[in-house]
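Computed from a prediction, not measured in an experiment: that's the story for all the values here. Hydrogens, waters and symmetry mates are skipped; everything else that's a heavy atom, side chains included, is used.
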Amino acid sequence: MKLLLTGGAGFIGSAVVRLAVSRGHEVVNLDAMTYAANEANVASVAQSNLYSFEQADIRDRAALDRIFALHRPDAVMHLAAESHVDRSIDGPADFIETNITGTFNLLEAARTHWTRTGKPASFRFHHISTDEVFGSLGPTGQFTEHTPYDPRSPYSASKAASDHLVRAWAETYGLPTVLTNCSNNYGPFHFPEKLIPVTILNALHGRPIPVYGNGENIRDWLYVEDHADALLLVLEKGALGRSYNIGGENERRNIDLVRTICALLDEMAPKPTPHADLITFVTDRPGHDARYAIDPSRIREELGWRPSVTVEEGLRRTVRWYLDNEAWWRPLLDRKGVGERLGKG
């Protein structure tokens, strides 16, 4: 299968690129190479004859038409997005333009390509989204595919809008689509602005480890390589017009997650004082959702998928990877916004 994958130089996208190439798929990686993209993320497959790269912005419809005509993909996997909640609070315009307008452009380019090639039944447009579109949970319950949308940040609102566009193009034009909503990802190649890499790198540098509010916010953590496996499975076997929630079945409070990372660093990179001494509670960000949790029963029952990596094992692998790959993360510390407190509102 020949895949056109948007955002393939980012965190989740690059995991899908690496896995897809390893399984023999041809991959065209379309990426605008904004601040969170990194060529090093796909270096392991860059020389493969199954891999090609197109630097383009999904907001550029002419570029999309050219790429579809040149590569004639069998499927689209749409991962390109502005995704950092704190950045969306400070600058929502980029999120509206990329996540909404960009998705519209991609849908139209894909529809034109699909129509021009005779509307093949095998074509797929797989839109990758987030559980944040569902809003915030209380102490109990889980998000299902039927949970009403209730986005609470510019980021999640823009992703909710893109989800609605995909469903509308399926209903109105018959475009063959599948859609997935995932829980929080973590693992190797995670750009150093999210909680887990920030915790690891601040601890290594002896800097305060910021934890929002009282650290009671709960997330369901999904190892990125498990997610990549699930995404390819949905692309190949998911029912048309169907959405699938992908969760790690690993709920943890933020403070517990941070303390686990600190304990792993005490073991793997010991210092005179415990790394947990660096934990610093900071003012919470506006509209911080209390809890996310996914019910993954649909993808388990229909497609036979469930996560293979526990959060304990995944965190151990992740900490080890950052300790072993300073050459990857060191240059990223100079990129705009990295190491700064964003999203104060």
Side-chain angles (χ1 to χ4, degrees), residues 1-58 63-64 66-81 83 106 110 113 122-128 178 180 182 185-192 194 196-197 222-238 246 305 307-309 314 317-318 320-332 335:
M1 187 186 302
K2 189 171 192 177
L3 310 178
L4 175 61
L5 194 149
T6 70
F11 170 47
I12 300 173
S14 65
V16 180
V17 167
R18 295 189 301 269
L19 183 61
V21 170
S22 75
R23 292 181 176 177
H25 296 295
E26 289 185 68
V27 176
V28 181
N29 177 5
L30 188 163
D31 201 297
M33 300 305 293
T34 56
Y35 77 94
N38 192 342
E39 291 179 354
N41 293 1
V42 291
S44 62
V45 300
Q47 302 308 311
S48 170
N49 58 9
L50 296 175
Y51 176 82
S52 58
F53 175 72
E54 292 279 358
Q55 183 166 353
D57 194 315
I58 59 173
L64 294 178
R66 175 187 65 79
I67 291 165
F68 271 96
L70 175 64
H71 293 283
R72 297 174 62 87
D74 302 311
V76 175
M77 298 188 74
H78 179 32
L79 293 103
S83 66
L106 189 65
H113 163 73
S122 59
F123 185 79
R124 296 289 183 274
F125 186 106
H126 182 180
H127 178 62
I128 290 84
V178 287
T180 51
C182 69
N185 279 223
Y186 70 103
F189 300 100
H190 204 175
F191 191 75
K194 303 290 181 76
I196 288 175
L222 174 63
Y223 194 61
V224 69
E225 293 174 7
D226 271 346
H227 188 199
D229 176 61
L231 292 178
L232 287 173
L233 179 65
V234 170
L235 178 72
E236 295 168 11
K237 297 184 178 179
I246 305 173
W305 182 89
S308 66
V309 180
R317 292 185 195 179
T318 302
R320 182 76 267 162
W321 189 88
Y322 277 88
L323 290 174
D324 293 342
N325 287 276
E326 182 174 350
W328 178 85
W329 54 258
R330 177 68 65 181
L332 303 181
R335 295 196 180 182

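Side chain of Asn185 to backbone of Val224: no donor-acceptor contact under 3.5 angstrom is found.
In this structure, the side chain to side chain contact (heavy atoms under 4.5 Å, CB included) partners of Asp324, at least two apart in sequence or on a different chain, are Arg320. For the side chain to side chain donor-acceptor pair (under 3.5 Å) test, residues two or more places apart in sequence or in another chain that qualify with Ser308 are Asp226. Shown here are the ring-ring contact (aromatic ring centres under 6.0 Å, His included) partners of Tyr186, two or more places apart in sequence or in another chain: Tyr223. Looking at residues two or more places apart in sequence or on another chain, you find a side chain to side chain donor-acceptor pair (under 3.5 Å) between Thr6 and His78. Partners of His113 by side chain to side chain donor-acceptor pair (under 3.5 Å), not counting sequence neighbours: none found. Partners of Thr180 under the side chain to side chain contact (heavy atoms under 4.5 Å, CB included) rule, at least two apart in sequence or in another chain, are His126, Ile128, Leu231, Val234, Tyr244, Ile246. Every residue two or more places apart in sequence or in another chain that forms a side chain to side chain donor-acceptor pair (under 3.5 Å) with Glu326 is listed here: Arg330. His190 is linked by a ring-ring contact (aromatic ring centres under 6.0 Å, His included) to Phe11, counting only residues two or more places apart in sequence or in another chain. Evaluation of the ring-ring contact (aromatic ring centres under 6.0 Å, His included) rule for Trp328 yields Phe189, Trp321 as partners, not counting sequence neighbours.
Considering only heavy atoms from C-beta on, Leu235 comes within 4.5 Å of Leu3 through its side chain. You'll find the side chain of Ser122 stays beyond 4.5 Å of the side chain of Met1, heavy atoms only. Leu106 is listed as a side-chain neighbour of Phe68, based on a closest heavy-atom distance under 4.5 Å. Within the 4.5 Å cutoff, the side chain of Leu4 has no heavy atoms near those of the His71 side chain.
Contact detail for Glu225 and Pro188: the closest heavy-atom pair is OE2-CG, 4.4 Å. The minimum heavy-atom distance linking Asn41 with Ala9 is given by the pair ND2-O, 2.9 Å. Residues Gly187 and Thr318 come closest through the heavy atom pair CA-OG1, 3.3 Å. Summarising the geometry of Pro73 relative to Phe123, their closest heavy-atom pair is O-CE1, 3.9 Å, with the distance given to 0.1 Å. Ala228 and Leu19 make their closest contact through C-CD2, 3.7 Å (heavy atoms, listed as atom of the first residue, atom of the second, distance). Contact record, Asp57 with Ala32: CA-CB, 4.0 Å, taken as the closest heavy-atom pair.
Atom CG of Leu232 and atom CH2 of Trp305 lie 12.0 Å apart (nearest 0.5 Å).
The list of side-chain hydrogen bond (donor to acceptor under 3.5 Å, both in side chains) pairs with a residue in residues 18-34, not counting sequence neighbours, reads Ser14-Arg18, Arg23-Asp229, His25-Glu236, Asn29-Tyr51.
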- Message: Leu50 vs Val45, test: side-chain contact (heavy atoms from CB on, under 4.5 Å). Steps then yes/no.
- Response: CA-CA 8 Å; Leu50 296 175; Val45 300; over 6 Å; no
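The environment of Lys2 atom NZ is dense: over 12 non-hydrogen atoms of other residues, nucleotides or ligands sit within 6.0 angstrom.
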